[in-house]
Student: 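Right, I'll just put the structure down here and ask away after.
Bear in mind that the values here come from a model prediction, so they are computed numbers and not experimental data. Residue numbers run from 1 in the order of the sequence given.
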Amino acid sequence: MEQRKRLLQRIATAIANKVNSATLRVAIDGVDGAGKSTFADELWGMLRGDGVRVIRASLDGFHNPKVIRYRKGRYSPEGFYHDSYDYEALKQLLLDPLAPSGSGVYTTAVFNHVMDRPVVVSPREATRGDVLLFDGIFLQRPELSGYWDLSLYLDIRSDTSVSRLQQRDSGPCSPDHPLNRRYTGGQAFYRQRCHPMEKAHIIVDNNEVARPFIVKWDDRSPN
């Protein structure tokens with residue numbers, strides 16, 4: 001795991017070097033099963049260890065209710081892309097408040113998708129120099145792409161995605177199962193429409209968890 005630790009430390013150092021008086025908003029994007037939450041949590045630990053204040057949040061806290069998520073059908077790739085999340089709530093309660101001209105008073109979650117009901121999370125106030133580490137899918141769609149000061153994309157193969165989802169969620173093993181086609185088809189739609197890998201500052205190949213490596217380190221990202 002030493003290779004993973006070195007890679008994470010390189011990115012954590014880059015983030016720390018970019019901290020200024022505004023909240024630095026860092027997106028960690030990638031397909032389902034790419035390891036986004038784990039990657040973000042590990043970065044969180046390293047940054048905290050270096051004395052950086054981190055706001056940790058995830059798109060999972062901004063799901064739509066099932067009645068909206070599945071209104072195009074349980075297995076619809078288009079429904080997966082269009083209807084999974086409440087982007088208006090995300091912008092209003094988290095991203096806009098943490099923008100340079102925002103109030104600084106933010107909320108990190110509004111909905112529990114497992115229980116399919118709203119949650120009440122107390123608002124907090126950001127302080128100068130905070131870093132928002134935000135993980136989720138579809139983070140370069142038009143509603144969100146302008147919010148990120150630094151964006152990462154964790155790249156994995158489709159077979160790796162299906163295998164990890166099966167292990168994590170006890171889902172179907174076959175890539176051709178309608179549920180897996182919902183996810184892979186929705187992600188294909190996202191890539192074709194939004195070109196997330198072109199927009200990402202940093203791309204990490206995360207097919208092998210112990211041995212991730214940098215695929216892209218854009219000149220616009222910190223060195």
Side-chain angles (χ1 to χ4, degrees), residues 1 3-4 7-8 11 26-43 57-64 66 68-87 90 113-114 133-145 148 150-218 221:
M1 296 290 283
Q3 180 172 328
R4 182 178 182 86
L7 182 146
L8 283 159
I11 295 173
V26 180
I28 301 174
D29 193 8
V31 302
D32 305 272
K36 301 178 294 296
S37 297
T38 300
F39 201 91
D41 287 343
E42 290 176 279
L43 279 178
S58 173
L59 189 61
D60 280 344
F62 294 88
H63 272 87
N64 276 320
K66 283 183 180 179
I68 297 177
R69 296 205 306 273
Y70 302 142
R71 61 187 171 187
K72 291 183 176 67
R74 179 66 180 91
Y75 301 125
S76 168
E78 292 80 9
F80 180 52
Y81 176 79
H82 287 294
D83 298 331
S84 290
Y85 300 100
D86 186 347
Y87 296 108
L90 170 61
H113 71 284
V114 176
L133 277 183
F134 189 83
D135 74 89
I137 59 176
F138 306 151
L139 297 189
Q140 293 292 355
R141 57 186 297 149
E143 300 95 320
L144 304 180
S145 62
W148 313 121
L150 182 65
S151 58
L152 284 67
Y153 188 93
L154 302 189
D155 187 33
I156 61 171
R157 300 183 305 272
S158 59
D159 62 315
T160 304
S161 173
V162 170
S163 175
R164 289 182 184 174
L165 289 175
Q166 196 279 328
Q167 295 174 25
R168 187 187 73 187
D169 303 331
S170 299
C173 297
S174 171
D176 295 324
H177 188 281
L179 185 58
N180 285 328
R181 287 205 303 269
R182 169 181 168 87
Y183 300 137
T184 57
Q187 290 288 352
F189 183 81
Y190 169 57
R191 290 193 300 272
Q192 293 164 6
R193 183 177 181 132
C194 302
H195 309 288
M197 296 179 75
E198 294 178 15
K199 296 176 181 177
H201 298 101
I202 298 170
I203 298 176
V204 175
D205 185 304
N206 202 39
N207 281 288
E208 295 187 53
V209 172
R211 291 184 290 276
F213 59 90
I214 300 290
V215 175
K216 171 186 175 183
W217 190 278
D218 195 283
S221 62

Student: Answer yes or no: is there a donor N or O on one side and an acceptor on the other, between the side chain of Arg4 and the main chain of Val209, under 3.5 Å?
Tutor: yes
Student: Find the distance between CD1 (Ile214) and CD1 (Ile202) and round it off to the nearest 0.5 Å.
Tutor: 6.0 Å
Student: Are Lys36 and Asn206 close enough that some pair of their side-chain heavy atoms sits under 4.5 Å apart?
Tutor: no
Student: Could you check whether the rings of His63 and Tyr85 sit parallel, tilted or perpendicular, using 30° and 60° as the cut-offs?
Tutor: tilted
Student: Of all the heavy-atom pairs spanning Asp32 and Ile156, show the shortest one and how long it is.
Tutor: O-CD1, 4.1 Å
Student: Find the distance between CD (Gln187) and CD1 (Ile137) and round it off to the nearest 0.5 Å.
Tutor: 5.5 Å
Student: With a 4.5 Å cut-off on side-chain heavy atoms, are Phe134 and Leu90 touching?
Tutor: yes
Student: Are any of the side-chain heavy atoms of Ile28 and Trp148 separated by less than 4.5 Å?
Tutor: no
Student: Tell me if the aromatic rings of Phe80 and Phe138 count as close, with their centers under 6.0 Å from one another.
Tutor: yes
Student: Could you check whether any side-chain N or O of Lys216 sits under 3.5 Å from a backbone N or O of Met197, counting only pairs where one atom can act as donor and the other as acceptor?
Tutor: yes
Student: Tell me whether Asn64 contacts the main-chain N or O of Asp83 through its side chain, where contact means a donor paired with an acceptor under 3.5 Å.
Tutor: yes
Student: Any donor-acceptor pair under 3.5 Å linking the side chain of Asp29 with the backbone of Ser151?
Tutor: no
Student: With the side chain counted from C-beta on, respond yes when Tyr75 and Leu179 share a heavy-atom pair under 4.5 Å apart, and no when they do not.
Tutor: yes
Student: Between Lys199 (side chain) and Cys194 (backbone), is there a donor-acceptor pair under 3.5 Å?
Tutor: yes
Student: So Pro77 and Phe189, do their side chains get closer than 4.5 Å, heavy atoms only?
Tutor: no
Student: Nearest 0.5 Å, please: how far is CG in Leu150 from CG in Leu152?
Tutor: 5.5 Å
Student: Is a donor on one side and an acceptor on the other found under 3.5 Å between the side chain of Gln3 and the backbone of Ala210?
Tutor: no
Student: Please examine the side chains of Phe39 and Asp135, heavy atoms only from C-beta on, and report whether any two atoms are closer than 4.5 Å.
Tutor: no
Student: Are any non-hydrogen side-chain atoms of Tyr70 and Arg182 less than 4.5 angstrom apart?
Tutor: yes
Student: Quick one: CD1 on Ile68 to OG on Ser84, what's the gap to the nearest 0.5 Å?
Tutor: 11.0 Å
Student: I'd like to know if the side chain of Arg74 reaches the main chain of Pro178, judged simply by a donor and an acceptor atom lying under 3.5 Å from each other, with no hydrogens or angles considered.
Tutor: no
Student: Working to the nearest 0.5 angstrom, can you tell me the gap between Asn207 CG and Phe213 CZ?
Tutor: 7.5 Å
Student: Just verifying a value: how many Å separate Ile203 CD1 and Glu198 CD, rounded to the nearest 0.5 Å?
Tutor: 9.0 Å
Student: Quick check against the 3.5 Å criterion: does Tyr190 have a side-chain atom that pairs as donor or acceptor with the backbone of Gln140?
Tutor: yes
